[in-house]
Number of protein chains: 2
Amino acid sequence: MPAWNPYASACPTRLVLDRVGDKWAVLLLGVLAKGPMRFNRLRREIEGLSQKVLSQTLKSLERDGLISRKAIPTVPVTVEYSITPLGQTLTATVDALRIWAETHIEEVLVAQKQYDEAAALTA
Amino acid sequence: MPAWNPYASACPTRLVLDRVGDKWAVLLLGVLAKGPMRFNRLRREIEGLSQKVLSQTLKSLERDGLISRKAIPTVPVTVEYSITPLGQTLTATVDALRIWAETHIEEVLVAQKQYDEAAALTA
DNA sequence: TCACCAAGTTACCTAGAGGAAACCATCATG
DNA sequence: CATGATGGTTTCCTCTAGGTAACTTGGTGA
């Protein structure tokens with residue numbers, strides 16, 4: 001195993017953090033983890049997500065092998081997106097993060113409150 | 001527990017993803033997990049990190065209660081940053097992500113290669 | 001013929017993140 | 001007196017992510 005260098009874009013840590021740090025990518029993986037879905041359905045399901053960004057995000061997720069795209073020759077053609085086994089393993093891991101957040105959010109909020117109050121005194 | 005809404009900035013999921021998606025924040029947590037460190041030492045340790053962003057990132061991490069700041073009245077004054085117990089639990093969780101990345105990077109790279117080759121054919 | 005669905009692409013614009021580098025205060029040393 | 005260390009703040013500038021909205025392609029039905 002090479003010494004991973006987080007500054008290099010090729011570092012796997014950076015790759016996964018890029019995905020995980022992307023709000024829409026996480027949301028998409030979460031939705032698709034529940035079952036396959038078509039393009040416009042995803043758009044309606046995830047409020048606030050524009051066509052452009054949806055298209056971009058789906059592409060990069062597909063490129064990473066986390067989701068797969070299947071064009072079905074209906075008329076008009078429908079395109080179904082589904083999560084891959086690889087994508088499944090990632091959502092499982094991201095879930096650990098979600099659980100951390102739900103477990104510790106109170107502590108974070110308390111810390112923020114204290115910090116802000118202390119800052120208010122100084123100002 | 002309320003139904004967490006990932007669109008709201010108050011959603012804990014978004015909060016933790018904001019931190020985790022921040023390259024420098026993750027790097028800082030990683031370094032501080034190994035032991036306390038002073039400002040300028042951090043700057044030298046983490047190549048490419050500007051003073052401004054270091055300062056900003058340390059502040060937000062401190063505000064979230066993930067690290068703590070201690071000014072020591074030496075001369076010139078030294079400021080020591082260290083990870084909190086709360087921060088420790090987060091780094092442990094983020095490690096799961098790092099492990100996912102190291103475990104599955106090969107699959108992702110293969111997927112990307114296949115995707116790019118297929119795209120090259122179409123073009 | 002016109003209108004409408006699908007799934008995108010493209011052009012345009014703007015706000016914000018982040019880098020570079022200068023500036024600040026304090027004290028000690030040469 | 002000037003320089004260098006400490007730990008920052010401030011200004012300026014650039015670059016890109018992402019939003020809006022219009023356009024595309026192809027086929028179907030009114």
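Naming convention: chains lettered A, B, ... in sequence-line order (proteins, then strands); numbering from 1 in each chain. Since the model is a prediction, treat every value here as computed from it, not as a measurement.
- For the pair A:Asp22 (side chain) and A:Trp24 (backbone), a donor-acceptor distance under 3.5 Å is present.
- For C:dA7, neither phosphate oxygen OP1 nor OP2 lies less than 4.0 angstrom from any side-chain nitrogen or oxygen of A:Lys59.
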Should B:Met37 and B:Val31 be marked as a side chain to side chain contact (heavy atoms under 4.5 Å, CB included) after you check the CA-CA gap, both sets of side-chain angles, and the distance that decides it?
-> CA-CA 8 Å; B:Met37 204 172 281; B:Val31 168; 3.8 Å; yes

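- Under the 4.5 Å side-chain heavy-atom criterion for grouping Ile, Leu, Val, Met, Phe, Trp and Tyr, B:Leu28 is connected to B:Leu15 within one hydrophobic cluster.
- Judged purely by atom type and a 3.5 angstrom limit, B:Thr103 uses its side chain to pair as donor or acceptor with the backbone of B:Ile99.
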Quick one: do A:Leu29 and A:Val94 satisfy side chain to side chain contact (heavy atoms under 4.5 Å, CB included)? Show the steps, please.
-> CA-CA 10 Å; A:Leu29 279 178; A:Val94 169; 5.9 Å; no

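- Distance CG (B:Leu58) to P (D:dG7): 11 Å, rounded to an integer number of Å.
- Using a 4.0 Å cut-off between charged nitrogen and carboxylate oxygen, A:Asp116 and A:Lys113 do not count as a salt-bridge pair.
- Distances shown here put every side-chain N or O of A:Arg38 at or beyond 4.0 Å from the OP1 or OP2 atom of C:dC5.
- Summarising the geometry, the separation between CZ on B:Arg43 and P on D:dA5 is reported as 11 Å, rounded to the nearest angstrom.
- If you check every strand for non-hydrogen atoms under 4.0 Å, A:Arg41 touches nothing.
- Closest heavy-atom contact between A:Arg19 and A:Val26: O-CG2, 4.0 Å.
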Using a cut-off of under 3.5 Å, enumerate the N/O to N/O pairs linking the protein to nucleotides 14-20 of chain D.
{"unit_1": "D:dG18", "atom_1": "N7", "unit_2": "A:Lys52", "atom_2": "NZ", "d": "3.3"}
{"unit_1": "D:dG19", "atom_1": "N7", "unit_2": "A:Lys52", "atom_2": "NZ", "d": "3.3"}
{"unit_1": "D:dG19", "atom_1": "O6", "unit_2": "A:Lys52", "atom_2": "NZ", "d": "2.2"}

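- Between A:Ala96 and B:Thr93, the closest heavy-atom pair is O-CG2, 3.7 Å.
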For nucleotides 26-28 of chain D, tabulate all protein N/O to nucleotide N/O atom pairs closer than 3.5 Å, reporting atom names and distance.
none

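- In the hydrophobic clustering of ILVMFWY residues, with side-chain heavy atoms under 4.5 Å counting as a link, A:Tyr115 and B:Leu54 come out apart.
- Across the protein-nucleic acid pair, A:Met37 atom CE and C:dA6 atom P stand 15 Å apart, rounded to whole Å.
- Residue B:Arg69 places at least one side-chain N or O under 4.0 Å from the OP1 or OP2 atom of D:dG8.
- Look at CZ on B:Phe39: it is 10 Å from C1' on D:dT6, rounded to the nearest Å.
- Under a 3.5 Å cut-off, the side chain of B:Thr78 and the backbone N or O of B:Thr74 do not form any donor-acceptor pair.
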Checking salt bridge (charged side-chain N to carboxylate O under 4.0 Å, His left out) for the pair B:Arg98/B:Asp95: CA distance, chi angles, key distance, verdict?
-> CA-CA 5 Å; B:Arg98 204 206 65 233; B:Asp95 262 7; 2.9 Å; yes

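- Close to D:dG7, at under 4.0 Å from its OP1 or OP2, lies no side-chain N or O of B:Thr78.
- Of the candidates B:Ile83, B:Leu86, B:Leu32, B:Thr84, B:Thr84 is the only one forming a side chain to side chain contact (heavy atoms under 4.5 Å, CB included) with B:Ser68.
- Taking five base pairs at each end of the helix from C:dT1-D:dA30 to C:dG30-D:dC1 and finding the rotation axis that steps the C1' atoms of four pairs onto the next four gives two axes whose angle is 40°, to the nearest 10°.
- For B:Thr74, no side-chain nitrogen or oxygen approaches OP1 or OP2 of D:dT6 to under 4.0 Å.
- Distance B:Leu54 CG to C:dA17 C1': 16 Å, rounded to the nearest Å.
- Distance, B:Ile72 CD1 to D:dG8 C1': 16 Å, rounded to whole Å.
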